[in-house]
Amino acid sequence: MAAGEARAVRFDRYGGPEVLYVTSIDMPVPDPGEVVVEVRAAGINPGEAGIRSGAMHEMFPATFPSGEGSDLAGVVTAVGPGVTEFDVGDEVLGFSLRRSSHATHTAVPVGQLIRKPPGLSWEKAGSLYVAGVTAYAAVRAVAPRPGETVAVSAAAGGVGSLVVQLLVLKEVVVLGIAGEGNAQWLRDHGVIPVSYGDGLADRLREAAPDGVDAFIDLFGPDYLDLAVDLGVPPERIETIISFEKAAEVGAKTEGSMDASTPEVLSEIAGLVASGAVDLDIADTFPLERVADAFEVLERRHTHGKIVLLPTNSQ
């Protein structure tokens with residue numbers, strides 16, 4: 001990488017992970033109110049795969065060539081005019097709304113960054129934003145009260161593993177729907193594991209004989225139908241993925257943009273840094289292997305976050 005250059009992920013057309021490539025770009029220059037961050041870690045997320053494949057074209061169209069990436073953590077290397085919140089050398093975490101964090105360097109408005117807690121690893125800090133604020137928004141949407149029972153689909157995934165822990169902290173009885181391979185992790189975190197597949201409704205009724213008070217769907221529309229069949233009131237059904245079905249049944253669809261504030265991000269970062277909430281890292285990849293990282297993600301059976309390490313791969 002030559003002086004004055006950065007490296008960034010791009011794609012020129014919709015498709016699978018194979019359309020992703022890494023190329024040289026001009027080093028970003030901060031506008032007023034921005035800083036440039038040398039990205040030490042950047043999580044990858046299912047929504048980014050949906051944008052790249054074209055599945056989310058109606059909601060989030062891409063213009064080509066497109067960058068990608070929201071989550072980031074790194075070190076400030078340049079400060080724009082008027083910035084007083086951060087200095088060169090500060091360690092930060094946050095998010096980009098420009099699809100630009102999958103890169104060695106990116107310019108970010110200061111309102112989208114917080115200081116990285118000293119005890120938080122780069123990998124966890126760089127994969128915190130989307131999963132963390134989405135989990136926060138999903139839990140807030142169903143307004144759980146102590147002693148209630150809440151069911152969560154995809155309970156051991158990147159968002160689900162945070163959702164169930166936030167619910168446990170609220171003294172909720174949590175039914176975590178996941179594969180058998182994740183049952184012990186759920187038990188270890190105070191969650192009642194319930195295996196997905198045929199007979200799921202009966203297993204949920206057996207686990208919650210007094211009924212399910214709220215349902216958080218992190219996987220797909222069939223779970224909203226299930227929630228309705230279980231008698232969960234529509235206003236206490238939340239999904240981050242099944243928007244058409246949510247409109248049909250009257251469920252909520254609160255997600256990352258409903259909780260994208262420094263205050264929420266600081267709260268989540270504090271919980272992870274203190275150990276009150278575990279944020280598991282499933283795997284890490286250098287930037288040049290971004291396609292491989294997404295191939296793993298899109299199998300949809302990974303427990304924990306997959307993280308790119310852009311400047312560790314130079």
Side-chain angles (χ1 to χ4, degrees), residues 14 16 44-62 130-131 133-144 148-164 166-167 172 174-182 186 191-208 211-259 294 297-303:
Y14 290 134
I44 69 173
N45 297 285
E48 291 148 5
I51 291 171
R52 185 213 65 232
S53 71
M56 301 180 73
H57 176 76
E58 294 302 319
M59 186 177 299
F60 300 115
V130 168
V133 301
T134 301
Y136 186 99
V139 170
R140 184 175 62 185
V142 301
E148 289 190 323
T149 298
V150 182
V152 181
S153 63
V159 175
S161 60
L162 296 180
V163 165
V164 296
L166 293 176
L167 288 169
V172 169
V174 186
L175 307 181
I177 302 167
E180 289 285 352
N182 290 306
L186 292 168
V191 179
I192 299 171
V194 182
S195 298
Y196 61 75
D198 293 342
L200 173 58
D202 291 337
R203 289 191 292 276
L204 288 170
R205 291 187 178 99
E206 181 179 354
V212 176
D213 298 293
F215 199 111
I216 298 176
D217 163 52
L218 309 173
F219 191 84
D222 290 348
Y223 284 105
L224 271 66
D225 288 330
L226 172 61
V228 172
D229 290 344
L230 291 170
V232 181
E235 67 272 14
R236 303 203 68 194
I237 302 173
E238 153 74 4
T239 181
I240 67 167
I241 194 169
S242 308
F243 304 117
E244 290 185 10
K245 178 61 71 170
E248 180 184 321
V249 305
K252 293 182 176 179
T253 57
E254 297 184 19
S256 62
M257 296 312 297
D258 297 288
F294 272 97
L297 176 78
E298 290 170 56
R299 294 172 193 157
R300 301 192 76 174
H301 292 293
T302 302
H303 171 73

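Atoms considered below: every heavy atom in the structure, side chains included; atoms not considered: hydrogens, waters and symmetry mates. Computed from a predicted structure; not experimentally measured.
The distance from the CG atom of Asp217 to the CD1 atom of Ile240 is 8.0 Å, given to the nearest 0.5 Å. Between Ser153 atom OG and Phe219 atom CZ the span is 8.0 Å, to the nearest 0.5 Å. Separation of atoms CZ (Phe243) and CE (Met59) is listed at 5.0 Å; rounding is to 0.5 Å. The OH atom of Tyr14 lies 10.5 Å from the CE atom of Met56; values are rounded to the nearest 0.5 Å.
Between the Thr134 side chain and the Ala131 main chain, no donor and acceptor come within less than 3.5 Å of each other. A distance-only check finds a donor-acceptor pair linking the side chain of Arg140 to the backbone of Asp258 [under 3.5 Å].
Under the 4.5 Å side-chain criterion, counting only non-hydrogen atoms from C-beta, Ile177 is in contact with Leu204. A 4.5 Å side-chain heavy-atom check between Asn182 and Pro193 finds every atom pair outside the cut-off. The closest side-chain heavy-atom distance from Arg203 to Ser195 is below 4.5 Å. Put simply, the side chain of Ser256 reaches to within 4.5 Å of the side chain of Val133, judged on heavy atoms. Inter-residue side-chain proximity for Glu248 and Leu224 is flagged as unmet; no heavy-atom pair is nearer than 4.5 Å.
Atom CZ of Phe60 has 12 or fewer neighbouring heavy atoms from other residues, nucleotides or ligands inside a 6.0 Å radius. For CG of Asp229, the number of neighbouring non-hydrogen atoms (other residues, nucleotides, ligands) closer than 6.0 Å is greater than 12.
Heavy-atom minimum distance, Lys252 versus Ala246: O-CB, 4.5 Å. The minimum heavy-atom distance linking Val150 with Phe215 is given by the pair CG1-N, 4.5 Å. Of all the heavy atoms in Leu186 and Gly176, the pair that sits closest is CD1-O, 3.7 Å. The two residues Ala137 and Glu254 come nearest to each other via the heavy atoms O-OE1, 3.9 Å. The shortest heavy-atom contact between Gly179 and Tyr196 is N-CE2, 3.3 Å. Summarising the geometry of Ala143 relative to Glu148, their closest heavy-atom pair is O-OE1, 4.1 Å, with the distance given to 0.1 Å.
Considering only residues two or more places apart in sequence or on other chains, Ala208 meets the side-chain contact (heavy atoms from CB on, under 4.5 Å) condition with Thr149, Leu175, Val212.
Exactly one of Val152, Val191, Leu162 qualifies for a side chain to side chain contact (heavy atoms under 4.5 Å, CB included) with Leu167. That residue is Val152. Evaluated for a side chain to side chain contact (heavy atoms under 4.5 Å, CB included) with Lys245, the options Thr239, Asp225, Asp222 yield exactly one hit, Asp225.
Classification of Asp213 and Arg236 as a salt-bridged pair fails, no side-chain N sitting under 4.0 Å from a carboxylate O.
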